[in-house]
Chemist: 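The structure under discussion is supplied below as C-alpha cells; questions concerning it will follow.
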Amino acid sequence: MGFIGSGSIGRALARLTVGAGHQVVLSNSRGPETLVDTAAKLGPRASAATSEEAAAAGDIVVVTVPVSAFPHVPAAPLAGKTVIDTCNYGSERDGHIPELDSKSFTSSELLLRYVPDALLVKAFNNIFFEHLLSLARPAGAADRSYLPIAGDSAPAKAAVTAFIDSIGYSVVDAGTLADSWRQATGTPVWGTPYGPYSDEKGRPVGEDTIRAALATATR
C-alpha cells in the first residue's frame, strides 16, 4: 500500500494496514525524512519515500491530502492503479473551488482530472480517524462496522472491498464517483453514525444504518 499524504486518516489507515500484514510506503509533501519516526513506530513493514516512489510502490495507493493539493499528486505512477481517495473539500482550508462550491461535480471527480488514468474509489472520508482505529473488527464479528465506497470501476471496487475487509470493516457500495457526494462532509453518513468525536471508541454501525444515511442525503 502506497500512501500519498500522512495526516490523521493516513496514519490511522497505515497502522491498520500494517496490522493486517500489508507493507506500507508512506509519503508527504515535506519529504521522507519527516516520516522516519512514523515509519519506525509502525515497524518493519513500513517505510518512507517520496510521493512518486510511494505511488509507484503500491498495488493500491491511498491519496489522503487536502483538495488544494490535488494538482501535486503524481499522475504517471498512478496510471492503471486502484487509488483510494479519502479526501474531503473544505473551502476554509482549500480555498474556494467554484466547481465544488456550485456542486457541479464531486471532489473525487476533480481528483480524477489530475490523475485521469487511475481507477479511483472514494473511501474512508466519512469516519473520524480515532473511530477508524477503534471500530475495526475481525470478519464475522457481530459488531463489525460498515463503510461506504464509491467508484466507477468494478474491479477497483472489488480490490478496495477486499482491502477494507482485511483491516476489519465491511462495505456498502454507494454508487459511482458522481454519487460520492452522498458521503461528503456534512451528509448524514459523515461522522455522525459512528458517534461523537468526544467518544474516542465510537460505536459500531451496521449495513442498514449506512444505507439509510446514504439514502437520506440531499445535495
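Starting from 1, each residue takes its place in the sequence as its number.
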Chemist: If we ignore hydrogens and angles and just use 3.5 Å, is the side chain of R219 paired with the main-chain N or O of K103 as donor and acceptor?
Modeler: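 Yes; at least one donor-acceptor contact below 3.5 Å.
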Chemist: Please determine whether side chain to side chain contact (heavy atoms under 4.5 Å, CB included) holds for the pair V67 and L100, giving the CA-CA distance in whole Å, both sets of side-chain angles, and the decisive distance to 0.1 Å.
Modeler: CA-CA 10 Å; V67 170; L100 298 184; 4.0 Å; yes
Chemist: If every non-hydrogen atom of L35 is compared with every non-hydrogen atom of A48, which pair is closest and at what distance?
Modeler: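 Residues L35 and A48, closest heavy atoms: CB-CB, 3.8 Å.
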Chemist: Is V160 reachable from V83 through a run of hydrophobic residues whose side-chain heavy atoms are each under 4.5 Å from the next?
Modeler: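 V83 does not cluster with V160.
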Chemist: Examine the side chains of D208 and Y146 and answer whether a donor and an acceptor come within less than 3.5 Å of each other.
Modeler: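 Their side chains do not contain a donor-acceptor pair, so the 3.5 Å distance test is not met.
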Chemist: Once ring-ring contact (aromatic ring centres under 6.0 Å, His included) is applied, do any residues pair with Y197, and if so which ones, sequence neighbours excluded?
Modeler: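 ring-ring contact (aromatic ring centres under 6.0 Å, His included) check on Y197 returns F128.
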Chemist: Taking all non-hydrogen atoms of both residues, which atom of P196 and which atom of R203 are closest, and how far apart?
Modeler: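 The pair with the smallest heavy-atom distance is CD-NH1, 4.4 Å.
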Chemist: Check whether any side-chain heavy atom of P204 sits under 4.5 Å from a side-chain heavy atom of R137, and report yes or no.
Modeler: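 Yes, their side chains come closer than 4.5 Å.
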Chemist: Taking the side chain as C-beta and beyond, is there a heavy-atom pair between S51 and V73 under 4.5 Å?
Modeler: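 Of all side-chain heavy-atom pairs linking V73 with S51, none is under 4.5 Å.
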Chemist: Counting only N and O atoms by type, is there a donor-acceptor contact under 3.5 Å from the side chain of Y194 to the main-chain atoms of L135?
Modeler: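 Not a single qualifying donor-acceptor pair exists.
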Chemist: Once you round to the nearest 0.5 Å, how far does OG of S91 lie from NE2 of H96?
Modeler: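 One finds 4.0 Å between OG of S91 and NE2 of H96.
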Chemist: When you group the ILVMFWY residues by side-chain heavy-atom contacts below 4.5 Å and let the links chain together, are L133 and L26 in the same group?
Modeler: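 Linked within one cluster.
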Chemist: In this structure, are over 12 heavy atoms from other groups packed under 6.0 Å from E200 atom CD?
Modeler: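 Counting other residues, nucleotides and ligands, CD of E200 stays at 12 neighbours or fewer.
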Chemist: Is it the case that H22 and S166 place a side-chain donor and acceptor less than 3.5 Å from each other?
Modeler: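 Per modelled atom types, H22 and S166 side chains form a pair under 3.5 Å.
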Chemist: For the pair R113 and E99, evaluate side chain to side chain contact (heavy atoms under 4.5 Å, CB included) and give the outcome as yes or no after the intermediate values.
Modeler: CA-CA 12 Å; R113 287 188 172 187; E99 298 93 335; 4.0 Å; yes
Chemist: Do the non-hydrogen side-chain atoms of D85 and L177 ever get within less than 4.5 Å of each other?
Modeler: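 No, their side chains stay 4.5 Å or more apart.
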Chemist: Got a second to check how far I210's CD1 is from R182's CZ, nearest 0.5 Å?
Modeler: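 Result: 14.0 Å between the selected atoms.
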Chemist: Rounded to the nearest 0.5 Å, how far apart are CD1 of I60 and CZ of F3?
Modeler: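 That separation rounds to 10.0 Å.
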Chemist: Please report the closest heavy-atom contact between A178 and T106, naming both atoms and the distance.
Modeler: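 So the two residues come closest at O-CG2, 3.7 Å.
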Chemist: Show your reasoning for whether side chain to side chain contact (heavy atoms under 4.5 Å, CB included) applies to C87 and V65.
Modeler: CA-CA 6 Å; C87 311; V65 300; 4.3 Å; yes
Chemist: According to a 4.5 Å side-chain heavy-atom criterion applied to Ile, Leu, Val, Met, Phe, Trp and Tyr, with indirect links allowed, do V24 and I164 form part of one hydrophobic cluster?
Modeler: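 Looking at the clustering, I164 is in the same group as V24.
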Chemist: Flag the pair F105 / L110 as yes when at least one side-chain heavy-atom distance between them is below 4.5 Å, and no otherwise.
Modeler: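 In short, these two side chains touch, coming nearer than 4.5 Å.
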Chemist: Looking only at heavy atoms, which two atoms of A54 and A49 are closest? And how far apart?
Modeler: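 That closest heavy-atom pairing would be N-CB, 4.3 Å.
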Chemist: Looking only at side-chain N and O atoms, does T34 offer a donor or acceptor that is under 3.5 Å from a partner on N28?
Modeler: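 Result is yes, a qualifying pair exists.
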Chemist: Nearest 0.5 Å, what's the CG-NZ distance between L112 and K122?
Modeler: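 Spacing of CG (L112) from NZ (K122) equals 11.5 Å.
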Chemist: Hydrophobic cluster membership, with links at side-chain heavy-atom distances under 4.5 Å among I/L/V/M/F/W/Y: are W181 and I84 in one?
Modeler: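 W181 and I84: separate clusters.
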Chemist: If you define the side chain from C-beta out and look only at heavy atoms, does anything of F124 sit under 4.5 Å from V62?
Modeler: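 No, every pair of side-chain atoms sits at 4.5 Å or beyond.
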Chemist: Sub-3.5 Å donor-acceptor pair from the side chain of T216 to the main-chain atoms of A212, do we have one?
Modeler: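 Yes, because the side chain of T216 sits within donor-acceptor range (under 3.5 Å) of the backbone of A212.
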Chemist: Under a 4.5 Å cut-off applied to non-hydrogen side-chain atoms, are Q183 and V189 in contact?
Modeler: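 Counting from C-beta outward, Q183 and V189 do come under 4.5 Å.
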Chemist: Taking the side chain as C-beta and beyond, is there a heavy-atom pair between F163 and T82 under 4.5 Å?
Modeler: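 Heavy-atom side-chain distance check fails, nothing below 4.5 Å.
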Chemist: Scan side-chain atoms only and decide if S104 and S102 contain a donor-acceptor pair under the 3.5 Å cut-off.
Modeler: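 Checked: S104/S102 side chains pair up, N/O donor to acceptor below 3.5 Å.
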Chemist: Less than 4.0 angstrom from a charged side-chain N to a carboxylate O is my criterion; do R144 and D165 meet it?
Modeler: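 Looking at D165 together with R144, the answer is yes, because their closest N to O distance falls below 4.0 Å.
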Chemist: Looking only at atom types and distance, does a side-chain atom of K157 sit under 3.5 Å from a main-chain N or O of G151, one as donor and one as acceptor?
Modeler: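 Such a contact is found between K157 side chain and G151 backbone.
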Chemist: Do the non-hydrogen side-chain atoms of S27 and T50 ever get within less than 4.5 Å of each other?
Modeler: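 A side-chain contact is absent here, since even the closest heavy-atom pair is not under 4.5 Å.
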Chemist: Closest approach of N88 and A184, non-hydrogen atoms and distance?
Modeler: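 Reported closest heavy-atom pair: OD1-CA, 4.3 Å.
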Chemist: Does one hydrophobic cluster hold both V18 and V61, with members joined at side-chain heavy-atom distances below 4.5 Å?
Modeler: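 No, no single cluster joins them.
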Chemist: Quick one: pull up CE in M1 and CG in D59 and give me the separation to the nearest 0.5 Å.
Modeler: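 The distance works out to 9.0 Å.
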Chemist: Sort out for me which residue in N125, N126, T64 forms a side chain to side chain donor-acceptor pair (under 3.5 Å) with T86.
Modeler: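 Only one of N125, N126, T64 forms a side chain to side chain donor-acceptor pair (under 3.5 Å) with T86, namely T64.
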Chemist: Quick one: CG on L42 to OG on S47, what's the gap to the nearest 0.5 Å?
Modeler: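 Going from CG on L42 over to OG on S47, the span is 10.0 Å.
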Chemist: Where is the tightest heavy-atom contact between S107 and F70, given as atom of each residue plus distance?
Modeler: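 Shortest heavy-atom separation between S107 and F70 comes out as O-CE1, 3.4 Å.
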